K.L.:
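Structure incoming, see below.
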Number of protein chains: 2
Amino acid sequence: MDPFMQAAIDQAIRGRSEGGIPIGSVIVRNGEIIGRGRNKRIQEDNPILHGEMDCLLQAGRQRSYRDTTIYSTLMPCYMCAGTIVQFKIPRVIVGESKSFVGARDFMEAHGVQVVDLDLDVCKKMMQEFIDSYPDIWYEDIADL
Amino acid sequence: MDPFMQAAIDQAIRGRSEGGIPIGSVIVRNGEIIGRGRNKRIQEDNPILHGEMDCLLQAGRQRSYRDTTIYSTLMPCYMCAGTIVQFKIPRVIVGESKSFVGARDFMEAHGVQVVDLDLDVCKKMMQEFIDSYPDIWYEDIADL
């Protein structure tokens with residue numbers, strides 16, 4: 001397993017153990033993780049802290065993101081994809097997009113390289129959560 | 001002046017008095033403000049708290065945004081526009097788009113109604129800030 005994707009999965013597992021939605025993310029520059037985050041809708045009652053958003057918050061203010069890669073266990077939604085486009089993050093590596101199709105086309109149309117690893121571990125984690133807590137999941141993607 | 005836009009401007013003025021970037025936002029349901037926010041990059045060293053994002057954070061978790069309107073003193077960037085699209089907020093009213101063109105086309109392509117009031121008070125506020133602190137502004141829109 002790619003160690004950066006493993007770090008994102010570790011964040012998702014930690015989120016799940018806190019009672020949250022199991023989506024994790026890390027951002028990497030020069031082979032080093034500069035931010036780690038996880039979806040905190042439940043933990044902090046926060047509707048904007050998806051995994052990628054928390055990851056960018058934890059990384060803190062950066063002069064530029066042009067030399068970074070962001071990892072997420074799940075394909076980014078329009079909020080997170082819009083942030084990736086606005087912040088000019090050139091590359092996104094995701095664990096899967098079966099549980100949620102997300103905004104891949106939008107990112108690619110803006111020149112972002114998107115790699116989908118289609119990992120069973122990520123799909124299983126999300127599917128178990130969605131099956132157990134559909135209301136929380138559909139609230140998270142504003143699809144109630 | 002529209003009282004909701006005035007409330008967004010008040011948030012921007014408050015942000016500026018705190019040393020921050022003067023962009024404010026409110027979200028309205030049934031004629032009532034349910035969240036108020038302002039850009040807090042400087043105040044909280046937070047790269048994701050644009051005015052609209054803070055406004056949605058302050059509004060807290062909602063089951064649906066389909067009956068809301070969001071106001072912002074400035075045209076939303078791709079982060080905030082992506083959030084508006086993902087959250088299915090149907091209407092955006094902005095103070096101006098001269099200082100920053102933002103992601104109007106993207107929102108409209110996703111069925112969001114966008115109204116630009118082109119207000120001198122908003123343009124003046126942003127122009128003074130950008131002239132005084134160009135580095136902070138271009139960091140905020142990731143254009144350094």
Side-chain angles (χ1 to χ4, degrees), chain A residues 21 25 27 34-35 37 39-66 68 75-90 100 102-103 105-107 109-112 135-136 138-144, chain B residues 21 25 27 34-35 37 39-66 68 75-90 100 102-103 105-107 109-112 135-136 138-144:
Chain A
I21 304 173
S25 174
I27 182 167
I34 61 167
N39 188 304
K40 290 179 179 163
R41 171 175 296 272
I42 304 301
Q43 297 94 312
E44 301 190 3
D45 249 345
N46 186 327
I48 67 167
L49 274 189
H50 280 192
E52 301 89 329
M53 304 301 286
D54 185 45
C55 172
L56 290 165
L57 169 58
Q58 301 303 327
R61 288 168 57 189
Q62 305 284 327
R63 273 189 71 82
S64 170
Y65 296 86
R66 290 177 204 265
T68 64
M75 186 67 76
C77 78
Y78 274 109
M79 171 169 66
C80 301
T83 306
I84 287 163
V85 166
Q86 185 65 40
F87 286 20
K88 301 186 176 73
I89 298 172
F100 178 65
D105 292 350
F106 163 71
M107 290 188 284
H110 285 268
V112 178
D135 263 23
I136 293 174
Y138 291 106
E139 178 194 310
D140 196 59
I141 55 171
D143 204 18
L144 283 170
Chain B
I21 305 173
S25 174
I27 182 167
I34 61 167
N39 187 303
K40 290 179 178 163
R41 172 175 296 270
I42 303 301
Q43 297 94 313
E44 300 190 4
D45 249 344
N46 186 327
I48 66 166
L49 274 189
H50 281 192
E52 301 89 328
M53 303 301 285
D54 185 45
C55 172
L56 291 165
L57 169 59
Q58 301 302 327
R61 288 167 58 188
Q62 305 284 326
R63 274 188 71 80
S64 170
Y65 296 86
R66 290 178 204 265
T68 64
M75 187 66 77
C77 77
Y78 273 109
M79 171 169 66
C80 300
T83 306
I84 287 163
V85 166
Q86 184 66 39
F87 285 20
K88 302 187 176 71
I89 298 172
F100 178 65
D105 292 350
F106 163 71
M107 290 188 285
H110 285 268
V112 178
D135 263 23
I136 293 174
Y138 291 106
E139 179 195 308
D140 196 59
I141 55 171
D143 203 18
L144 283 172

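The structure displayed is predicted, hence computed values, not measured ones. Per chain, numbering begins at 1; letters A, B, ... match sequence-line order.
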K.L.:
Rounded to the nearest 0.5 Å, what separates atom OH in A/Tyr78 from atom CE in B/Met107?
P.N.:
14.0 Å
K.L.:
Does B/Ile42 reach the side chain of A/Arg61, with side-chain heavy atoms less than 4.5 Å apart?
P.N.:
yes
K.L.:
So which part of A/Ile84 gets closer than 4.5 Å to some heavy atom of chain B, the side chain, the backbone, both or neither?
P.N.:
neither
K.L.:
Of the backbone (N, CA, C, O) and the side chain (C-beta and beyond), which part of A/Asp135 lies under 4.5 Å from a heavy atom of chain B, both, or neither?
P.N.:
side chain
K.L.:
For A/His50, is it the side chain, the backbone, both or neither that has a heavy atom under 4.5 Å from a heavy atom of chain B?
P.N.:
neither
K.L.:
What distance do A/Thr83 atom OG1 and B/Ile48 atom CD1 have between them, rounded to the nearest 0.5 Å?
P.N.:
7.5 Å
K.L.:
Counting heavy-atom pairs under 4.5 Å with chain A, which one of B/Cys80, B/Cys77, B/Pro47 comes out on top?
P.N.:
B/Pro47
K.L.:
Heavy-atom distance under 4.5 Å to chain B: side chain of A/Tyr138, backbone, both or neither?
P.N.:
neither
K.L.:
Heavy-atom cut-off 4.5 Å, strictly under: side chain, backbone, both or neither for A/Arg41 against chain B?
P.N.:
both
K.L.:
Might you point out which heavy atoms bring A/Gln86 and B/Ala142 nearest each other, and give the distance in Å?
P.N.:
O-CB, 3.3 Å
K.L.:
Among B/Leu56, B/Leu49, B/Leu57, which residue has the highest count of heavy-atom pairs closer than 4.5 Å to chain A?
P.N.:
B/Leu57
K.L.:
Check whether B/Gln62 gets within reach of chain A through its side chain, its backbone, both or neither, counting any heavy atom under 4.5 Å.
P.N.:
backbone
K.L.:
Less than 4.5 Å to any heavy atom of chain B: does that hold for the side chain of A/Phe87, its backbone, both, or neither?
P.N.:
both
